[in-house]
Amino acid sequence: MEALLRRELGCDSVRATGHTGGGCISQGRSYDTDRGRVFVKVNSKAEARRMFEGEMASLTAILKTNTVRVPKPIKVLDAPGGGSVLVMEHVDMRHLSSHAAKLGAQLADLHLENKKHGETLLREAGTVGRGGGQEERPFVDRFGFDVVTCCGYLPQVNDWQEDWVVFFARQRIQPQMDMVEKASGDREALQLWSALQLKIPDLFRDLEITPALLHGDLWGGNVAEDASGPVIFDPASFYGHSEYELAIAGMFGGFSNSFYSAYHGKIPRAPGFEKRLQLYQLFHYLNHWNHFGSGYRGSSLSIMRNLVKTPPRPCGVAPAEAEWPSGKEMVDGTCIC
């Protein structure tokens, strides 16, 4: 690895440090170089390059918003012996604690950045001498992403769509259900999904959704802090509904009330929030089912049963305020990292 880094990064000196990290998907190690310390993620799977290129694009996109800190990506390389590596900036991180509220505020800033950018472009277009040239970064008015990203090691379909409900149903839940059908042919799951598809539009009635750049896999293992503030990493980004981001955060804990208060101080909960949160959690439970097995089947089916039996919400009627998930819904202590 040292020889590869010297050659590809143009370094004269590369030395492994004692800093290691990783989880059930990839492993990582830090290296000191004459150009600074870097962190290298390694994965031996044949599909690792696609996964790391999606992560690099995600980190780059978040970095450009100047909202919340992420490690600066450097390069994707072919690994010695097969697979790929992702080289990025090394950040001395610790468990998120004192900067939880700041993370909530910065995450809301990330989710609002595209909307505010669009508003700025509109104002400048109406100003004499502004808006006449080609914009370096346009407003994103559709849902998707320019490249494939992976939540865990499974690829996500990010083809651009104008309608969020169509995007979520066809490009998030349906691929997961296809994998369930292929692996087990689970009849109850397929029947529930067939019924749930008819209910989904009711959950978005009267809701206007502006595409927001998302981290995409924001569980407690993908957030941290250093002396300067919060850091998020291991993204699986795309432009989607901001509420989607909070689903896996509520499933596996690690986020304090101060985080949620700061976030919703900038992005208040809209009517129907709790039901949509369950719908978004369904994706993550199905994704865990397809990664780790049928231990997540019960949670997946429970959500679908609950959403299928829920009567449509009359227009203009908000649901009763509900408490945030307690963070104790973890099935077997496993999460994607």
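The figures here come from the full heavy-atom set of this structure, side chains too, leaving out hydrogens, waters and symmetry mates. The shown structure was predicted, so the numbers you read here are calculated from the model rather than taken from an experiment. We count residues from 1, following the sequence as given.
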Original post:
With the 4.5 Å side-chain cut-off for hydrophobic clustering, are Val157 and Val147 part of the same group?
Top reply: no
Subject >> Close side-chain approach of Leu103 and Val223, heavy atoms under 4.5 Å >> reply: yes
Original post:
Once the angle between the rings of His284 and Tyr244 is folded into 0 to 90°, is it parallel (under 30°), tilted (30 to 60°) or perpendicular (over 60°)?
Top reply: tilted
**OP:** Return the orientation label for the His241 and Trp164 ring planes: parallel under 30°, perpendicular over 60°, tilted otherwise.
**Re:** perpendicular
Subject >> Nearest heavy atoms of Phe143 and Gly240, plus distance in Å >> reply: CD2-CA, 3.8 Å
Original post:
Under the 3.5 angstrom rule, does the side chain of Ser194 hit a backbone N or O of Leu190 as a donor-acceptor pair?
Top reply: no
**OP:** Compare every heavy atom of Met51 with every heavy atom of Gly152, then report the nearest pair and how far apart it is.
**Re:** O-SD, 3.6 Å
Subject >> Close side-chain approach of Asn222 and Ile232, heavy atoms under 4.5 Å >> reply: no
Subject >> CA sep, side-chain torsions, deciding dist, call: Glu188, Arg305, salt bridge (Lys or Arg N to Asp or Glu O under 4.0 Å) >> reply: CA-CA 10 Å; Glu188 184 177 5; Arg305 291 190 201 104; 3.0 Å; yes
Original post:
With no hydrogens and no angle check, do the side chains of Thr210 and Asn114 hold a donor and an acceptor under 3.5 Å apart?
Top reply: no
**OP:** Kindly say whether Ser237 contributes a backbone atom to a donor-acceptor pair with the side chain of Thr149 at under 3.5 angstrom?
**Re:** yes
Subject >> Non-hydrogen side-chain atoms of Ser300 and Leu282 separated by less than 4.5 Å >> reply: yes
Original post:
Is a donor on one side and an acceptor on the other found under 3.5 Å between the side chain of Gln161 and the backbone of Phe167?
Top reply: no
Subject >> Rounded distance (nearest 0.5 Å) linking atom CG of Asp109 with atom NZ of Lys266 >> reply: 3.5 Å
**OP:** Kindly indicate whether the side chain of Ile267, heavy atoms from C-beta on, has any atom under 4.5 Å from the side chain of Leu107.
**Re:** no
Original post:
Is it true that atom CZ of Arg170 has more than 12 heavy atoms of other residues, nucleotides or ligands lying nearer than 6.0 Å?
Top reply: no
**OP:** Test side chain to side chain contact (heavy atoms under 4.5 Å, CB included) on Met88 and Glu55 and set out the steps.
**Re:** CA-CA 11 Å; Met88 69 184 79; Glu55 183 175 344; 3.9 Å; yes
Original post:
Going by heavy atoms in the side chains, are Arg172 and Asn287 under 4.5 Å from each other?
Top reply: no
**OP:** Please answer whether the main-chain N or O of Leu203 pairs with a side-chain N or O of Arg276 as donor and acceptor at a distance below 3.5 Å.
**Re:** yes
**OP:** Mind checking the CZ-CG spacing from Arg137 to Leu121? Nearest 0.5 Å is all I need.
**Re:** 8.0 Å
Original post:
In terms of ring plane angle, is the pair Phe252 and Trp219 parallel, tilted or perpendicular, where the classes change at 30° and 60°?
Top reply: perpendicular
**OP:** Carefully, step by step, assess Val85 and Met1 under the rule side chain to side chain contact (heavy atoms under 4.5 Å, CB included).
**Re:** CA-CA 10 Å; Val85 302; Met1 182 62 69; 3.6 Å; yes
Original post:
Side-chain heavy atoms under 4.5 angstrom apart, residues restricted to Ile, Leu, Val, Met, Phe, Trp, Tyr: same cluster for Leu59 and Leu77?
Top reply: no
**OP:** Check whether any side-chain N or O of Arg15 sits under 3.5 Å from a backbone N or O of Glu2 as a donor-acceptor pair, and report yes or no.
**Re:** no
Subject >> Short side-chain to backbone donor-acceptor contact, His99 and Val231, under 3.5 Å >> reply: no
Original post:
Parallel under 30°, tilted from 30 to 60°, perpendicular over 60°: which one fits the rings of His264 and Tyr260?
Top reply: parallel
Subject >> N/O donor-acceptor pair under 3.5 Å between Glu243 side chain and Leu277 backbone >> reply: no
Original post:
Does the side chain to side chain contact (heavy atoms under 4.5 Å, CB included) test come out yes or no for Ile200 and Leu279, once each step is laid out?
Top reply: CA-CA 8 Å; Ile200 290 178; Leu279 179 67; 4.1 Å; yes
Original post:
Checking Thr17 side chain against Ser30 main chain: does a donor-acceptor pair fall under 3.5 Å?
Top reply: yes
Original post:
Can we call the ring centroids of Tyr263 and His111 under 6.0 Å apart?
Top reply: yes
**OP:** For residues Gln156 and Cys150, determine if any side-chain heavy atom of one lies less than 4.5 Å from a side-chain heavy atom of the other.
**Re:** no
Original post:
Distance-only, no hydrogens or angles: does the Asp226 side chain make a donor-acceptor pair with backbone N or O of Gly229 under 3.5 Å?
Top reply: yes
Subject >> Interatomic spacing from CD in Glu47 to OG in Ser84 - rounded to 0.5 Å >> reply: 10.0 Å
**OP:** Please check if atom CD in Glu119 has more than 12 non-hydrogen atoms from other residues, nucleotides or ligands closer than 6.0 Å.
**Re:** yes
**OP:** Identify the two heavy atoms, one from Pro71 and one from Phe233, that lie closest to each other, and give their separation to 0.1 Å.
**Re:** CD-CB, 4.0 Å
Original post:
Can you tell me how far the OH atom of Tyr239 sits from the CZ atom of Arg142, to the nearest 0.5 Å?
Top reply: 12.0 Å
Original post:
Parallel under 30°, tilted from 30 to 60°, perpendicular over 60°: which one fits the rings of Phe255 and Phe259?
Top reply: tilted
Original post:
For Val76 and Arg49, which heavy atoms make the closest approach, and how far apart are they?
Top reply: O-NH2, 3.6 Å
Subject >> Hydrophobic cluster identity match, Leu9 and Phe52, side-chain contacts under 4.5 Å >> reply: no
**OP:** Quick one: pull up OG in Ser58 and NE2 in His215 and give me the separation to the nearest 0.5 Å.
**Re:** 8.0 Å
Subject >> Atom NZ of Lys115: over 12 foreign heavy atoms under 6.0 Å >> reply: no
Original post:
Which pair of non-hydrogen atoms, one from Gly216 and one from Cys151, has the smallest distance, and what is that distance?
Top reply: O-SG, 4.3 Å
**OP:** Can you spot which of Thr65, Leu110, Ile62 makes a side chain to side chain contact (heavy atoms under 4.5 Å, CB included) with Val70?
**Re:** Ile62
Original post:
Gln281 side chain to Ala247 main-chain N or O, any donor-acceptor pair under 3.5 Å?
Top reply: yes
**OP:** Check whether any side-chain heavy atom of Asp186 lies under 4.5 Å from a side-chain heavy atom of Trp193, and answer yes or no.
**Re:** no
Original post:
What is the distance from atom CG of Asp32 to atom CZ of Arg37, rounded to the nearest 0.5 Å?
Top reply: 4.0 Å
Original post:
What's the verdict on side-chain hydrogen bond (donor to acceptor under 3.5 Å, both in side chains) for Gln171 and Asp159, showing C-alpha distance, side-chain angles and the deciding distance?
Top reply: CA-CA 8 Å; Gln171 298 181 199; Asp159 296 343; 5.2 Å; no
Original post:
Looking only at heavy atoms, which two atoms of Met177 and Ala189 are closest? And how far apart?
Top reply: CE-O, 3.5 Å
Original post:
Are Val91 and Leu5 connected, step by step, through hydrophobic side chains (Ile, Leu, Val, Met, Phe, Trp, Tyr) whose heavy atoms are closer than 4.5 Å?
Top reply: no
**OP:** Take Ser302 and Tyr285 through the side chain to side chain contact (heavy atoms under 4.5 Å, CB included) test and state the conclusion after the steps.
**Re:** CA-CA 10 Å; Ser302 178; Tyr285 279 123; over 6 Å; no
Original post:
Under a 4.5 Å cut-off applied to non-hydrogen side-chain atoms, are Ile173 and Leu196 in contact?
Top reply: no
**OP:** Go through the steps for Lys102 and Glu225 under the test salt bridge (Lys or Arg N to Asp or Glu O under 4.0 Å), then give the verdict.
**Re:** CA-CA 10 Å; Lys102 187 175 182 180; Glu225 67 181 34; over 6 Å; no
Original post:
Mind checking whether Phe168 and Tyr280 have ring centres under 6.0 Å apart?
Top reply: yes
Original post:
If two hydrophobic side chains count as joined below 4.5 Å and joins carry through other members, does Phe39 share a cluster with Leu86?
Top reply: yes
